[in-house]
Amino acid sequence: MPNFLSEFNISQMMASAAEKALIMLPMTLLIITREIDISVASILGLTSVLFGLMIQAELPLVLALLLTVACGAALGLLNGYLVAYIGLPSLVVTLGTMAMFRGVGYILLGTGSINVLPDALVDFGINNVPGTPIPWVLTPFLVLAPIMAIVLQRMATGRRIYAVGGNPDVAIYSGIPSRRLITALFIVTGAICAIAAIVYTARLSNARANNGLGMELDVITIVLLGGVSVFGGKGKLTGVLLALILIAAIRNILALNQIGGDIQGMVIGILLIGSLLLGNFSTAVMSVIAPPARRENKVGAEISSH
């Protein structure tokens, strides 16, 4: 396939993965803590609508950007409060808010779209970093990814995230503020989804209520395929990054072969099931190699040391 390795195609592939790359960062942290947010694509859609309406109302671009991110954080706060403080399961909460946020977007904008955007935003959406094949829309990910990796792997916050996912009860008894931590992760997720909404709006040059529809499937597949355990307490961003490259390449190859979105979605679904089966198998193997009691003691010892 000669076109696959062309500079233009690689640039387009990176651009098309920009939003998923952003959203997979906080999703990784959430799943490590045994939580999940399936409303991420709906937050993207709603904040895209809000961003478009602010632009239409002629707010200064910088102010619109800041308010959009703040709105995303507020939506994440709602999810986090319901999960961490009310005690509702994150799967159920975000299933409800997924429909609610998307519905609010349709109420605000209907089925129409906002296509008149500032030139600076349009240029950001279509141009590359000068002298490179890297699209500008990928730069927010390139800035945030190292920060998230350092937080997860090198800081006390990362150790707390692993502890909460590894054994929530031990984490609580060790003095880790699990509720605040989980709420903060949902807020960060909402804010980054809003950044992804800005990127998506710029890349497609329109704000619509159905922007990002179905994207949560790709994001969750990428995270689980990257080695993050659905049972929590395990995973690294490096593995998730490799899974992102794999999913982006698969979608690109299928598109180059004129294979439509439905078949692409089926392939991603198969990969999601496969990653869950693989995670199940590895958990079963680990339970034989290291019995649960031994692992819990190890987690408790690690937390105590910090």
Side-chain angles (χ1 to χ4, degrees), residues 11-12 14-23 25-26 37 39-81 94 97-130 132 134-145 147 184 186-216 219:
S11 177
Q12 291 296 106
M14 286 191 287
S16 66
E19 303 86 21
K20 296 167 194 170
L22 280 166
I23 298 172
L25 296 173
D37 188 347
S39 71
V40 287
S42 294
I43 294 177
L44 185 154
L46 177 53
T47 50
S48 174
V49 168
L50 293 172
F51 181 55
L53 291 173
M54 292 178 205
I55 295 296
Q56 194 176 61
E58 299 184 352
L59 263 68
L61 180 58
V62 173
L63 179 59
L65 292 170
L66 293 174
L67 288 175
T68 300
V69 175
C71 288
L75 298 176
L77 174 61
L78 174 61
N79 282 337
Y81 181 79
T94 56
T97 54
M98 176 179 71
M100 183 177 74
F101 296 157
R102 188 72 68 181
V104 172
Y106 278 111
I107 290 171
L108 292 174
L109 192 58
T111 57
S113 64
I114 296 171
N115 303 309
V116 180
L117 302 173
D119 291 340
L121 189 67
V122 174
D123 291 341
F124 173 77
I126 63 176
N127 290 337
N128 290 349
V129 176
T132 74
I134 300 172
W136 276 111
V137 291
L138 195 64
T139 54
F141 167 75
L142 296 178
V143 171
L144 288 173
I147 295 172
F186 274 103
I187 292 171
V188 170
T189 301
I192 291 180
C193 286
I195 296 172
I198 294 165
V199 167
Y200 197 97
T201 303
R203 188 167 66 83
L204 298 186
S205 293
N206 71 63
R208 300 174 62 93
N210 67 348
N211 276 355
L213 187 66
M215 191 178 290
E216 65 280 343
V219 173

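None of the values given here were measured: they were computed from a predicted structure.
Judged purely by atom type and a 3.5 angstrom limit, Thr201 uses its side chain to pair as donor or acceptor with the backbone of Ala197. For Arg102 (side chain) and Ala41 (main-chain N/O), a donor-acceptor pair under 3.5 Å exists by modelled atom type.
Between Leu144 and Ile195 the shortest side-chain heavy-atom distance falls below 4.5 Å. Side-chain contact between Trp136 and Asp123: absent, with no pair of heavy atoms (C-beta onward) separated by less than 4.5 Å. The shortest side-chain heavy-atom distance between Leu46 and Leu108 falls under the 4.5 Å cut-off. Considering only heavy atoms from C-beta on, Arg203 comes within 4.5 Å of Ser16 through its side chain. At least one side-chain heavy atom of Tyr106 sits less than 4.5 Å from a side-chain heavy atom of Asn210. You'll find the side chain of Val137 reaches within 4.5 Å of the side chain of Pro135, heavy atoms only. Put simply, the side chain of Met100 reaches to within 4.5 Å of the side chain of Leu78, judged on heavy atoms. Side-chain contact between Asn79 and Phe101: present, with at least one pair of heavy atoms (C-beta onward) separated by less than 4.5 Å.
The two residues Pro26 and Ile23 have their closest heavy-atom pair at CD-O, 3.1 Å. When all heavy atoms are compared, the tightest approach of Leu22 to Val199 is CD1-CG2, 4.1 Å. Looking at every heavy atom in both residues, Gly72 comes nearest to Ala194 through CA-CB, 3.9 Å. Closest heavy-atom contact between Ile43 and Gly190: CG2-O, 4.0 Å. Pairing each heavy atom of Ser48 with each of Ala207, the nearest pair is O-CB, 3.3 Å.
With rounding to the nearest 0.5 Å, the separation of CZ in Arg208 from CG in Leu213 is 11.0 Å. To the nearest 0.5 angstrom, Leu44 atom CG is 7.5 Å from Tyr200 atom OH. Expressed to the nearest 0.5 Å, how far CG of Leu50 lies from CG of Leu109 amounts to 10.0 Å. To the nearest 0.5 Å, atoms CZ (Phe141) and CD1 (Ile134) are separated by 11.5 Å. A distance of 8.0 Å separates CG of Leu121 from CD1 of Ile198, quoted to the nearest 0.5 Å. Rounded to the nearest 0.5 Å, atoms OG1 (Thr68) and CG (Leu63) are 9.0 Å apart.
Judged by distance alone, the side chains of Asp37 and Thr189 never bring a donor and an acceptor atom under 3.5 Å apart. Between the side chains of Ser113 and Asn206, no donor-acceptor pair of N or O atoms lies under 3.5 Å.
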Test side-chain contact (heavy atoms from CB on, under 4.5 Å) applied to Phe51 and Leu61, step by step: CA-CA 9 Å; Phe51 181 55; Leu61 180 58; 4.0 Å; yes

